[in-house]
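Structure first, commentary second.
Letters A, B, ... are given to chains in the order of the sequence lines, protein chains preceding strands, and every chain is numbered from 1. What you are looking at is a predicted structure, and each value in this text was computed from that prediction instead of being measured. Computed over heavy atoms, backbone and side chain alike; hydrogens, waters and symmetry mates excluded.
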Amino acid sequence: MSTIPIARRYSVPVVTSAALWFALYFAARVLLKRYDLETWPRVAIALAPLVPFAWCLVSIVRAVRAMDELERRIHLEALGFAYPLATFLLMTLALMQRAVTLSFEDWSYAHVWFYLPVFYCFGLILSTRRYE
Amino acid sequence: MKNRLRVLRAEQAWSQESLAERLGVSRQTVNAVETGKYDPSLPLAFRMAQLFGKTIEDIFQPDPELQ
């Protein structure tokens with residue numbers, strides 16, 4: 001096994017696919033907003049970011065499979081950090097929804113997914129520092 | 001858990017990188033074990049013992065505070 005940290009070994013496909021997904025996601029949003037297309041082209045454009053997203057997920061799974069035991073623990077701890085935080089955010093939005101109507105464009109459940117990788121990255125930083 | 005991994009590695013004049021390569025783990029893992037921040041799994045502890053020609057007890061000792 002290579003002694004190069006897994007994060008560096010697998011960073012190229014993960015970062016490339018994530019960047020591609022990010023670009024396609026925002027391009028799809030702009031296209032759907034600016035052009036009045038037929039239903040099927042709209043669906044195709046809306047789902048286009050799923051391709052690089054799937055590539056990103058596969059790259060992450062490959063990276064996890066190649067990790068040693070400490071690296072896997074670090075990622076597990078990162079999940080253990082991100083999951084409760086995302087649940088807390090979901091619960092907050094659910095309770096807020098009881099009181100007021102949350103705008104889809106502003107704050108709603110639709111935005112929670114975006115925070116999952118952010119929380120996960122925070123968890124990775126914290127957990128990695130713990131074992132340095 | 002305490003361990004003598006750093007001492008045993010120094011006796012062989014191996015770097016952390018070199019030991020990590022021999023054990024099939026990352027350098028970060030070797031460093032975390034040496035500094036006592038991470039206790040290795042039993043299979044990894046056996047690999048370490050085999051590599052240095054020692055028993056697991058020769059390398060790892062339980063924390064006196066926990067005894």
Side-chain angles (χ1 to χ4, degrees), chain A residues 1-19 54-86 115-132, chain B:
Chain A
M1 179 187 279
S2 168
T3 54
I4 302 167
I6 198 81
R8 235 175 293 159
R9 259 183 287 152
Y10 288 87
S11 60
V12 174
V14 172
V15 170
T16 307
S17 55
W55 178 28
C56 186
L57 292 181
V58 169
S59 304
I60 291 170
V61 169
R62 278 188 185 150
V64 170
R65 282 185 180 161
M67 287 174 186
D68 73 15
E69 57 186 60
L70 176 60
E71 290 166 328
R72 283 185 182 178
R73 174 182 281 213
I74 287 169
H75 280 263
L76 186 64
E77 287 183 6
L79 272 180
F81 175 83
Y83 182 79
L85 219 56
Y115 288 91
L116 279 167
V118 175
F119 293 156
Y120 188 65
C121 286
F122 265 121
L124 273 182
I125 292 166
L126 290 175
S127 190
T128 302
R129 289 183 64 171
R130 192 173 170 187
Y131 295 104
E132 274 176 353
Chain B
M1 196 158 64
K2 288 181 169 183
N3 71 77
R4 298 179 56 236
L5 195 63
R6 192 184 292 270
V7 175
L8 293 169
R9 178 173 63 79
E11 283 174 4
Q12 301 293 327
W14 290 338
S15 64
Q16 284 187 340
E17 289 267 356
S18 171
L19 176 59
E21 204 166 330
R22 285 174 164 84
L23 292 169
V25 295
S26 65
R27 191 201 61 79
Q28 182 188 21
T29 301
V30 170
N31 184 61
V33 173
E34 283 188 358
T35 53
K37 289 178 181 168
Y38 175 66
D39 293 332
S41 67
L42 205 49
L44 180 55
F46 271 115
R47 286 212 300 277
M48 289 171 172
Q50 195 174 27
L51 183 66
F52 289 110
K54 308 270 185 195
T55 63
I56 287 181
E57 292 86 346
D58 290 335
I59 304 175
F60 298 95
Q61 295 87 38
D63 200 328
E65 289 176 12
L66 297 176
Q67 284 187 314

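Only the backbone of Arg130(A) comes within contact range of chain B, with heavy atoms under 4.5 Å apart. Using a 4.5 Å cut-off between heavy atoms, Pro40(B) contacts chain A through both its backbone and its side chain.
When every heavy atom of Asn31(B) is checked against every heavy atom of Glu132(A), the shortest pair comes out as ND2-C, 4.0 Å. Closest approach of Ser41(B) to Glu69(A), counting heavy atoms only: OG-OE1, 2.6 Å.
Proximity of Gln28(B) to Asp68(A): side-chain heavy atoms (C-beta onward) are nowhere separated by under 4.5 Å.
A distance-only check finds no donor-acceptor pair linking the side chain of Glu71(A) to the backbone of Ser26(B) [under 3.5 Å].
A 6.0 Å sphere centred on CD of Gln50(B) holds no more than 12 heavy atoms belonging to other residues, nucleotides or ligands. Counting heavy atoms of neighbouring residues, nucleotides and ligands inside a 6.0 Å radius, atom OH of Tyr131(A) exceeds 12 of them.
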